[in-house]
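Accompanying notes for the structure given below.
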Number of protein chains: 2
Amino acid sequence: MQPTPMLVAVDLVVLTLRSGELEALLVRRGVEPYAGRWALPGGFVEPGEDLVDTAVRELGEEAGIGRLRPHLEQLATYGSPDRDPRGRVVSVAYLALVPDPGDPVAGSDAADAAWRAVGTLGRSRSLAFDHARILRDGVERARAKLEYTSLAAALIPEPFTVNELREVYAAVWGVEPDPRNFHRKVTSADGFVVETHATTTRGGGRPARLYRRGPAVQLHPPMLRG
Amino acid sequence: MQPTPMLVAVDLVVLTLRSGELEALLVRRGVEPYAGRWALPGGFVEPGEDLVDTAVRELGEEAGIGRLRPHLEQLATYGSPDRDPRGRVVSVAYLALVPDPGDPVAGSDAADAAWRAVGTLGRSRSLAFDHARILRDGVERARAKLEYTSLAAALIPEPFTVNELREVYAAVWGVEPDPRNFHRKVTSADGFVVETHATTTRGGGRPARLYRRGPAVQLHPPMLRG
DNA sequence: TCCTTTATCGTCATTTCGACATTAAGGGCA
DNA sequence: TGCCCTTAATGTCGAAATGACGATAAAGGA
């Protein structure tokens with residue numbers, strides 16, 4: 001029996017932190033199916049193109065992100081037979097975490113693109129295809145990985161203060177870690193952040209030391225959610 | 001531009017514990033490419049079939065496992081353009097953890113099938129396609145998940161003793177947790193295991209209490225690797 | 001100048017961790 | 001029938017981590 005060829009797409013869950021909230025990048029679909037509906041940015045894999053290269057390409061074409069060297073990891077693959085009315089399409093989802101690239105989504109292919117707070121569209125049925133499910137899985141992955149990896153620093157621009165890093169956890173987890181204990185854990189976790197010589201007063205009050213992302217990927221010990 | 005259809009396969013990393021070692025299920029390929037070489041069990045996704053259903057089907061057809069209600073989760077998707085000499089094949093890998101189903105791999109489709117200790121083929125080039133890489137990723141996933149989930153119990157048959165569960169960690173992590181501290185952590189981690197009224201003397205010495213898998217998926221607190 | 005604000009460091013009681021001792025409860029064997 | 005050997009389970013204790021706070025530092029602004 002001959003195997004059946006299928007279409008393979010890559011969809012992106014792009015997350016960032018904007019004004020203290022975790023937001024996802026969405027594009028408005030211009031064509032059927034689901035024309036006019038919001039969807040995750042994505043596209044089909046081209047011949048000779050690796051999956052991750054498709055993700056990087058779409059990140060540039062549809063999201064205007066690429067200069068930012070975002071964190072990019074494979075999320076999961078969705079292949080329900082009826083997930084696309086056009087026929088059999090298997091979608092490999094990637095999760096990207098980027099520092100806020102600003103409002104106008106430059107270089108965007110899509111008719112329209114916007115950042116939306118993830119809280120409002122968790123179980124919403126407004127997204128095209130099974131993208132609400134994919135988005136939920138991406139947010140869940142980000143929540144979990146904040147605990148035992150240094151990914152939180154990927155959501156804010158360098159250099160950053162300890163308090164700005166704390167606000168990432170506050171936004172993604174919905175809990176406010178104690179500033180003093182948080183400071184102790186972050187600076188004692190080996191390789192999470194590296195100190196610079198500069199400080200900033202952008203928070204008001206006493207100048208805060210500025211840090212850059214450290215070499216550590218896994219955190220020892222992990223940050224705890226209570 | 002029309003998108004290019006591709007073949008979509010599902011490959012399985014099936015792990016179990018046999019005589020104190022972590023082993024993976026391999027099948028010997030009967031046809032080109034890589035005829036005669038060992039490979040992960042797998043097959044193409046059929047029309048109208050969901051990815052996870054393909055995994056479950058292959059688990060029965062190629063591995064003779066199915067009665068055992070194994071733990072099954074998606075691992076990752078591999079789509080390098082040159083990973084299959086026949087052409088473009090995207091493979092969705094699944095990770096299955098099962099209690100030892102015994103030596104003869106019954107109901108097996110493949111010409112030959114065998115359990116192999118994962119330690120010996122970590123970076124080996126003896127496996128077909130990119131299956132060595134997939135296997136390594138699967139083992140790495142299992143190692144990580146043992147830390148903060150109750151998955152260790154999926155590798156042994158019920159009911160089991162605390163020491164049998166400890167041997168899972170010893171085999172997968174390559175370290176010997178202290179039996180007394182391990183006992184304390186397991187029985188205090190909420191929902192990891194549930195006590196039965198029975199005991200066994202199969203270990204020799206004082207009878208050990210028998211447990212079943214608890215309802216917990218995540219472990220609080222997690223088991224630590226030092 | 002002093003007051004408000006935020007950052008950083010310190011304190012301390014509680015909990016957890018890791019190493020180890022002790023007691024419990026079976027089977028094997030003389 | 002007793003000893004003895006083996007493994008299971010519980011207990012102990014110092015070191016380390018955690019969580020809830022207080023105290024001090026360093027800026028800008030009234």
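Sequence lines set the chain letters: A, B, ... in the order given, protein chains first and strands last, and positions in each chain run from 1. What's counted below: heavy atoms across the whole structure, side chains too, no hydrogens, waters or symmetry copies.
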For this session: For DNA chain C, determine which residues of residues 142-160 of chain A have any heavy atom closer than 4.0 angstrom to one of its atoms, and list them numerically.
Result: none
Exercise. How many Å lie between CZ on Arg202(B) and P on dG26(C), as a whole number?
Worked result: 16 Å
For this session: Rounded to the nearest angstrom, tell me the gap between atom CD in Glu164(B) and atom C1' in dA8(D).
Result: 12 Å
Exercise. Just how far, in rounded Å, is P of dC9(C) from CG of Asp178(A)?
Worked result: 15 Å
Can you give the donor-acceptor pairs under 3.5 Å from side chains of residues 214-226 of chain A to other protein atoms, not counting sequence neighbours?
unit_1, atom_1, unit_2, atom_2, d
Arg225(A), NE, Glu147(A), OE1, 3.3
Arg225(A), NH2, Glu147(A), OE1, 3.4

Exercise. In chain order, what residues pass the side chain to side chain contact (heavy atoms under 4.5 Å, CB included) check against Ala76(B), with sequence neighbours excluded?
Worked result: Gln74(A), Tyr78(B)
For this session: Check the pair Tyr211(A) / Phe192(A) against ring-ring contact (aromatic ring centres under 6.0 Å, His included), numbers first and verdict last.
Result: CA-CA 10 Å; Tyr211(A) 295 83; Phe192(A) 192 0; 9.9 Å; no
Problem set entry | Spatial distance of atom CG (Leu12(A)) from atom CG (Leu25(A)) [nearest 0.5 Å] | 8.5 Å
Seminar exercise, completed: Which of Asp100(A), Val98(A), Leu97(A) passes side chain to side chain contact (heavy atoms under 4.5 Å, CB included) with Leu155(A)? It is Leu97(A)
Problem set entry | Passing option when Val14(A) is tested against Leu72(A), Leu40(A), Leu59(A) for side chain to side chain contact (heavy atoms under 4.5 Å, CB included) | Leu59(A)
For this session: Round to the nearest Å and state the distance from Glu176(B) atom CD to dA19(C) atom P.
Result: 13 Å
For this session: Spell out protein contact along nucleotides 23-30 of chain D as letters: B when the base is contacted, S when just the sugar-phosphate is, - when no protein heavy atom is under 4.0 Å; keep the 5' to 3' order.
Result: --BBS---
Exercise. Are any side-chain N or O atoms of Arg37(B) and backbone N or O atoms of Ser126(B), one a donor and one an acceptor, separated by less than 3.5 Å?
Worked result: yes
Exercise. Which residue, Ala208(B) or Asn181(B), contacts DNA chain D at a nucleotide closer to its 5' end, judged by nearest heavy atom?
Worked result: Ala208(B)
Problem set entry | Nucleotide nearest Asn163(B) when distance is taken to its side chain, options dA9(D), dA8(D), dT18(D) | dA8(D)
For this session: Assess the pair Phe182(A) and Tyr169(A): is the distance between their ring centroids shorter than 6.0 Å?
Result: yes
For this session: Under 4.0 Å from any atom of DNA chain C, heavy atoms only: list the residues of residues 214-221 of chain A that qualify, in numerical order.
Result: none
For this session: Could you tell me which residues satisfy side-chain hydrogen bond (donor to acceptor under 3.5 Å, both in side chains) with Arg69(B), sequence neighbours excluded, listed by chain and number?
Result: none
Exercise. Between atom CG in Leu165(A) and atom C1' in dT8(C), what is the gap in whole Å?
Worked result: 16 Å
Problem set entry | Set of residues satisfying side chain to side chain contact (heavy atoms under 4.5 Å, CB included) with respect to Thr161(A), sequence neighbours excluded | Asn163(A), Glu164(A), Thr200(A), Arg202(A), Ala208(A), Leu210(A)
Exercise. Nearest to the side chain of Val162(B), which nucleotide is it out of dA9(D), dT18(D), dC17(C)?
Worked result: dA9(D)
Problem set entry | d(CG, Leu210(A); P, dA7(C)) in whole Å | 11 Å
Problem set entry | side-chain hydrogen bond (donor to acceptor under 3.5 Å, both in side chains) partners for Lys145(A), two or more places apart | Glu73(A)
For this session: Nearest whole angstrom, please: distance from the P of dT16(C) to the CG of Asp190(B).
Result: 12 Å
For this session: Could you tell me which residues satisfy ring pair (Phe, Tyr, Trp, His ring centres under 6.0 Å) with Trp38(A), sequence neighbours excluded, listed by chain and number?
Result: none
Identify each atom pair where a protein N or O and an N or O of nucleotides 13-16 of chain D are less than 3.5 Å apart, giving names and distance.
none

For this session: Check the distance between dG19(D)'s P and His183(A)'s NE2 and give it to me in whole angstrom.
Result: 17 Å
Exercise. side-chain hydrogen bond (donor to acceptor under 3.5 Å, both in side chains) with Arg184(A): which residues, sequence neighbours excluded?
Worked result: Asn181(A)
For this session: Return the set of residues passing side-chain hydrogen bond (donor to acceptor under 3.5 Å, both in side chains) with Arg143(A) (not counting sequence neighbours), or none when no residue passes.
Result: none
